[in-house]
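Written below as structure tokens is the structure these notes are about.
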Amino acid sequence: MAAEITNATQIVVPARTRVWLAPVGTPAPADATVEMPTGWYSVGLTTEDSLKFNEEPSFEQVKSAQTDFPSRTFQTSDSATVEVDLQQWSGRNFQAVYGGGAITTITPSGGTETGPKHYRFAPPRIGGRTEVAACVEVIDGGKSYRYVMPRTMQMEGVSKDLQKAKESVLPLRLAVQGGDNSDAWYLLTNDPAFAPPAPTIGTVTPSTGPTAGGTTVTITGTELDSATTVTFGGTAGTSLEAVSATKLTVITPASTAGAKDVVVTTGGGTATKTGGFTYS
């Protein structure tokens, strides 16, 4: 189709992936490429085809006798999970896949206090599982993506194959734990394809007002819902309210007489209505 938009650079091939874990409350990375903050550790090598991130909302439907289609569909819950098979056996990785547990140092039979040590891992008892923060990192050339999950918990059983001709992996199965006052998970990326579209301005109503300011102006256009500032001749208006993606309201500041440019700034850029408001 002539209007079809195709861009092969937006195809993502996860050439490199990493999984990071940390105690809950550890500061998260600030962006998609910065070095992981202190407190995060990598689980190391994982199998090449096991990493999956699943987001699975649940819905209910209202059925009515007057129609063969649902009268209403509403979401009842949300859930997200991470699945990956760890190839490296370590104390931290055992604690991750078993949901916690204790590791103690023991002196082997016949050994000495200064000699080689053995270690005892005991999985957590019922009620003793601990949450961890998780970060899944995906790299495709110069594009980086980080799924950040502030709270997760291992909520499946652990089954390990102990075969002679194949490495024995540790199945990490994390369930994202959400919160009403925070994001259950979010994505950080430097991919320019995620940049929000630039705004546009259609109309400014009313288009005139007193030099004292105080006029409530309605601006229509597109991509206005993320507006951060609206200026009139370089001076910011007040009481900005993004009503929708196509409409916002703002109160004009005081200014001198004459036509002033109206500039809307959003995360996607700026839009200018030249001479869009006249002070009189």
Side-chain angles (χ1 to χ4, degrees), residues 2-7 9-10 12 27-34 37 55 57 72-75 78 80 135 138 142-150 178-280:
E4 184 177 9
I5 299 175
T6 60
N7 189 342
T9 65
Q10 294 180 3
V12 175
D31 57 48
T33 58
V34 69
E55 211 277 338
R72 181 180 176 186
T73 300
F74 58 95
Q75 185 174 348
D78 207 350
C135 178
V138 177
K143 298 185 294 185
S144 296
Y145 309 84
R146 281 175 173 168
Y147 290 87
V148 180
M149 293 148 277
D180 291 336
N181 299 318
S182 62
D183 294 319
W185 66 271
Y186 56 91
L187 178 70
L188 300 172
T189 181
N190 62 352
D191 186 348
F194 278 72
T200 65
I201 298 176
T203 62
V204 177
T205 307
S207 60
T208 61
T211 57
T215 302
T216 298
V217 169
T218 298
I219 298 176
T220 63
T222 61
E223 308 298 335
L224 301 178
D225 50 334
S226 63
T228 55
T229 60
V230 178
T231 61
F232 296 79
T235 303
T238 59
S239 301
L240 170 63
E241 181 181 358
V243 179
S244 67
T246 59
K247 184 171 72 172
L248 62 79
T249 61
V250 64
I251 297 176
T252 61
S255 185
T256 58
K260 308 296 180 181
D261 292 348
V262 178
V263 180
V264 175
T265 300
T266 71
T270 62
T272 301
K273 186 78 167 179
T274 303
F277 189 85
T278 301
Y279 285 91
S280 58

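The residues of the chain are indexed from 1 along the displayed sequence. All of these numbers come straight from a predicted model, not from anything done at the bench. Computed over heavy atoms, backbone and side chain alike; hydrogens, waters and symmetry mates excluded.
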Atom of Val230, atom of Leu248 and distance for their closest heavy-atom approach: CG2-CD1, 4.0 Å
Pairwise distance OG1(Thr218) to CD(Glu241) - rounded to 0.5 angstrom: 10.0 Å
Value rounded to 0.5 Å, distance of CZ in Phe277 from OG1 in Thr231: 13.0 Å
Thr215 vs Pro206 side-chain heavy atoms within contact, under 4.5 Å: yes
Contact summary for Pro27 and Pro37, nearest pair of heavy atoms: O-CG, 3.5 Å
Over all atoms of both residues, closest heavy-atom pair of Ala242 and Leu224: CB-O, 3.7 Å
For the student: nearest non-hydrogen atoms of Gly267 and Ser226, plus distance: N-OG, 3.8 Å
Minimal non-hydrogen separation, Ala32 against Ser144, with atom names: O-CB, 3.6 Å
Sequence neighbours excluded - side chain to side chain donor-acceptor pair (under 3.5 Å) pairs with any residue from residues 187-202: Tyr145-Asp191, Thr200-Thr222
Atom pair OG1 (Thr252) and NZ (Lys260), whose distance is rounded to the nearest 0.5 Å: 12.0 Å
Thr265 vs Thr270 side-chain heavy atoms within contact, under 4.5 Å: yes
Spacing of CE belonging to Met149 relative to CG belonging to Leu187, to within rounding of 0.5 Å: 10.0 Å
Note, Asp261 side chain near Thr274 side chain (heavy atom, < 4.5 Å): yes
Close side-chain approach of Val264 and Lys273, heavy atoms under 4.5 Å: no
Nearest heavy atoms of Val148 and Pro29, plus distance in Å: CG2-CG, 4.3 Å
Any donor-acceptor pair under 3.5 Å from Thr211 side chain to Tyr279 backbone: no
Distance, nearest 0.5 Å, that separates OG1 of Thr249 from CG of Leu240: 7.0 Å
Parallel, tilted or perpendicular, as decided by the 30° and 60° cut-offs, for the rings of Tyr147 and Trp185: tilted
Any donor-acceptor N or O pair under 3.5 Å, side chains Thr278, Thr208: no
